[in-house]
2 protein chains.
Amino acid sequence: MPTSPFCTLPAVTPNRKVFTVRPVDGTSSLTQQVIDSVREAILSGELRPGELYSVYQLAAQLNVSRTPVREAMLRLAEAGMVRFERSRGFRVLRRDPREIAEVFHLRLLLEVPAARLAARRAGPELVESARAELEAMRAAAKDHDEPRFMRHDRAFHRLLLTAGANRKLVGMVDNLRDATITLGASTVDRSRSLADIAEEHEPILAALEARDPEAVAGAMRAHVSHTGELLLAQVATEAGVAADPADIDLLHAT
Amino acid sequence: MPTSPFCTLPAVTPNRKVFTVRPVDGTSSLTQQVIDSVREAILSGELRPGELYSVYQLAAQLNVSRTPVREAMLRLAEAGMVRFERSRGFRVLRRDPREIAEVFHLRLLLEVPAARLAARRAGPELVESARAELEAMRAAAKDHDEPRFMRHDRAFHRLLLTAGANRKLVGMVDNLRDATITLGASTVDRSRSLADIAEEHEPILAALEARDPEAVAGAMRAHVSHTGELLLAQVATEAGVAADPADIDLLHAT
DNA sequence: GCTTGACATGCAGCATGCTACATGCCACCT
DNA sequence: AGGTGGCATGTAGCATGCTGCATGTCAAGC
């Protein structure tokens, strides 16, 4: 028996009226929908860490067959959000501050050199695009439109990454950003406002315009590192403890 | 119609005598077996890049049902080895030198700082284990036992990574190493012998024993960078062209 | 000959039936 | 009462049937 007999998860488009196969008809595949739905459910607390769930149960709740649910959970398991336990079901894993520290450590290792590289190769059009994104961030901040802000924030970072000319790296950082979101961690309106975050990007852009790779790297390091610190402190506070010094170390390790 | 009506892939354990489900009985899951099998088939050239294949066809050849094959291909698609094309099948992607450059660029960005961190935190037991792995590599080199050599090579690097204290990083580098193998790229016996490779690790270990983090980082950089250069040159030669300077740049970018 | 449209072919994605297995529970024995 | 074995329950993993879609092909019309 499920924990709750009828907790309606974020709700995948109800199918099953007709045989319904629509791999591409506007919406994405069922598997992808289930992934998104479960992600949200974990964030919203509807699926609780430590609890056992089953593919059967989830499929019933989402009103889809077990196959897409199974595939979705396998992918989430690969991403480390969930762990299958033989013949018992799967368990939503508990996220800990260490994980945040690790994610930001990795982002430092990848984004800082990528930013430096980008600065070396930067043409005027890169600078221009980056400025456009920053302006868009400021506008979104003024409107308190967090989703739009996040889109442009990501776009800004992605521009620098792409200019660094390593496609695999771009994909990895994208995954790391996803992981952060999935960790349920946002500094917005707790540690700092959207406007604050936007302004943290100004030094990066300024250094980029000055064609100073070391300055760009330094500014990027400061920004990412700062975000990581805030997040770490915030999560630790929520857990009612001080942040582990070892985790903080990771954010300053070269 | 398949390319060849009866090309026997590396051969997943033939099931289907009885209903057979053995998720854990000694061997791994069918999905995992299919993944391994397809990887090998791509390496051996049995599955050719550019060619279209289908889940149906592969399932028949491997003598398993479509489900595990489908799951396997989805995971390989995620890893970028293969791409699904709507209603047509999936295509084995062509690997290019750029990809090798990107993988080694990433390994530099991750392994060098991790090695530095490891050196800072190194206790005597780390040094001891590392030396043991290096000795095992030398022994395997003497026996010309490449698989055993590779195991210890990987173990050596993994020791340093683990000491760097970022679990996510360890996993990422592991994936990058897998990617290298999957690229079909090995410098063994073409650019250098097993013994040569083993000796490249000596400076790293020496610096580790001297507790000199910068020297460890430098030695690691030299080793990974050197491997990348050889691989790049080798692949380029096979393709009959000189290596792209931009790719070489990536291996020296800070 | 060239264009165009119906049909055949083959595909991925989803639904669902089935088996072996792990675990918890309860009755039965000591 | 406490310990133990058998059984009910629920699970993941695999097999397989089914549908709608994309593309290639071939024939009919221009």
Side-chain angles (χ1 to χ4, degrees), chain A residues 1-3 5 12-38 51-78 82-92, chain B residues 1-3 5 12-38 51-78 82-92:
Chain A
M1 185 69 82
T3 309
V12 162
T13 41
N15 290 353
R16 199 163 292 177
K17 313 166 182 178
V18 71
F19 191 78
T20 54
V21 172
R22 25 166 204 38
V24 100
D25 63 8
T27 79
S28 57
S29 79
L30 276 186
T31 298
Q32 189 55 52
Q33 288 183 53
V34 172
I35 290 177
D36 296 342
S37 182
V38 169
E51 206 89 11
L52 263 177
Y53 299 94
S54 83
V55 171
Y56 263 78
Q57 165 204 347
L58 229 66
Q61 284 180 25
L62 295 172
N63 197 34
V64 294
S65 82
R66 306 189 312 267
T67 307
V69 174
R70 178 177 147 71
E71 282 176 5
M73 300 321 296
L74 283 174
R75 292 185 57 173
L76 289 178
E78 209 171 0
V82 123
R83 193 183 54 213
F84 272 82
E85 298 190 4
R86 168 153 190 77
S87 290
R88 304 218 30 193
F90 57 85
R91 201 180 291 280
V92 176
Chain B
M1 184 70 83
T3 309
V12 162
T13 41
N15 291 354
R16 199 161 293 178
K17 314 165 183 179
V18 71
F19 191 79
T20 54
V21 173
R22 24 168 203 39
V24 99
D25 63 10
T27 79
S28 56
S29 78
L30 277 187
T31 298
Q32 190 55 52
Q33 287 183 52
V34 172
I35 290 178
D36 295 342
S37 183
V38 169
E51 206 89 12
L52 265 175
Y53 300 93
S54 83
V55 170
Y56 263 79
Q57 164 204 348
L58 229 66
Q61 284 180 25
L62 294 172
N63 197 34
V64 295
S65 82
R66 307 189 310 267
T67 307
V69 175
R70 178 176 146 72
E71 281 176 6
M73 298 322 295
L74 283 174
R75 291 186 57 172
L76 289 178
E78 209 171 359
V82 122
R83 193 183 55 214
F84 273 83
E85 298 190 5
R86 168 153 190 78
S87 290
R88 305 218 30 191
F90 56 85
R91 201 180 290 281
V92 176

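Chain A is the first sequence line, chain B the second, and so forth, proteins listed ahead of strands; every chain is numbered from 1.
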Checklist line | Whole-Å distance separating the CD atom of A:Gln32 from the C1' atom of C:dC14 | finding: 16 Å
Next item on the list: Could you tell me the separation between the CD atom of B:Gln33 and the C1' atom of D:dG13, rounded to a whole number of Å?
Entry: 13 Å
Check: What distance separates B:Ile35 CD1 from B:Arg75 CZ, expressed to the nearest 0.5 Å?
Finding: 4.5 Å
Next item on the list: Let me know, please, whether B:Glu85 or A:Arg88 comes out on the 5' side of the other along DNA chain C by nearest nucleotide.
Entry: B:Glu85
Notebook entry, point to check: Using a cut-off of 4.0 Å on non-hydrogen atoms, how would the nucleic acid contact of A:Ser54 be classed: base, sugar-phosphate, or nothing?
Noted result: sugar-phosphate
Next item on the list: Kindly say if A:Thr31 contacts the phosphate of C:dG13, meaning a side-chain N or O under 4.0 Å from OP1 or OP2.
Entry: no
Next item on the list: Kindly say if B:Ser65 contacts the phosphate of D:dA15, meaning a side-chain N or O under 4.0 Å from OP1 or OP2.
Entry: yes
Check: Got a second to check how far B:Leu76's CG is from B:Glu71's CD, nearest 0.5 Å?
Finding: 12.0 Å
Check: Is any side-chain heavy atom of B:Phe84 less than 4.5 Å from a side-chain heavy atom of B:Leu74?
Finding: yes
Item checked: Distance, nearest 0.5 Å, that separates CZ of B:Arg70 from CZ of B:Phe90 -> 12.0 Å
Checklist line | Interatomic distance where CD belongs to B:Glu51 and P belongs to C:dC11 [whole Å] | finding: 13 Å
Notebook entry, point to check: Phosphate oxygens OP1/OP2 of C:dC14: is one of them under 4.0 Å from a side-chain N or O of A:Thr67?
Noted result: no
Note to self: What is the distance, to the nearest angstrom, from the CZ atom on A:Arg83 to the P atom on D:dT11?
What the structure shows: 17 Å
Check: To the side chain of B:Val64, which of D:dA15, D:dA12, C:dA15 is closest?
Finding: D:dA15
Check: Given atom CG of B:Leu52 and atom P of C:dA12, what is their separation to the nearest angstrom?
Finding: 9 Å
Margin query: Please report the distance, rounded to the nearest Å, between CZ in A:Phe84 and C1' in C:dT23.
Written below: 18 Å
Next item on the list: Could you walk me through whether A:Leu58 and A:Met73 pass the side chain to side chain contact (heavy atoms under 4.5 Å, CB included) test, one step at a time?
Entry: CA-CA 10 Å; A:Leu58 229 66; A:Met73 300 321 296; 4.1 Å; yes
Notebook entry, point to check: With nearest nucleotides of DNA chain D determined for B:Pro68 and B:Tyr56 from heavy-atom distances, which residue corresponds to the more 5′ nucleotide?
Noted result: B:Pro68
Next item on the list: Just compare D:dC14, C:dC14, D:dG24 and give me whichever is closest to any side-chain atom of A:Arg66.
Entry: D:dC14
Margin query: In this structure, how many angstroms lie between the P atom of D:dG13 and the CD atom of A:Glu71, rounded?
Written below: 12 Å
Check: Between D:dG13, D:dA15, D:dT23, which nucleotide has the shortest distance from any of its atoms to the side chain of A:Arg70?
Finding: D:dG13
Checklist line | Nucleotide D:dG20, atom C1' - distance to CG of A:Leu30 in whole Å | finding: 14 Å
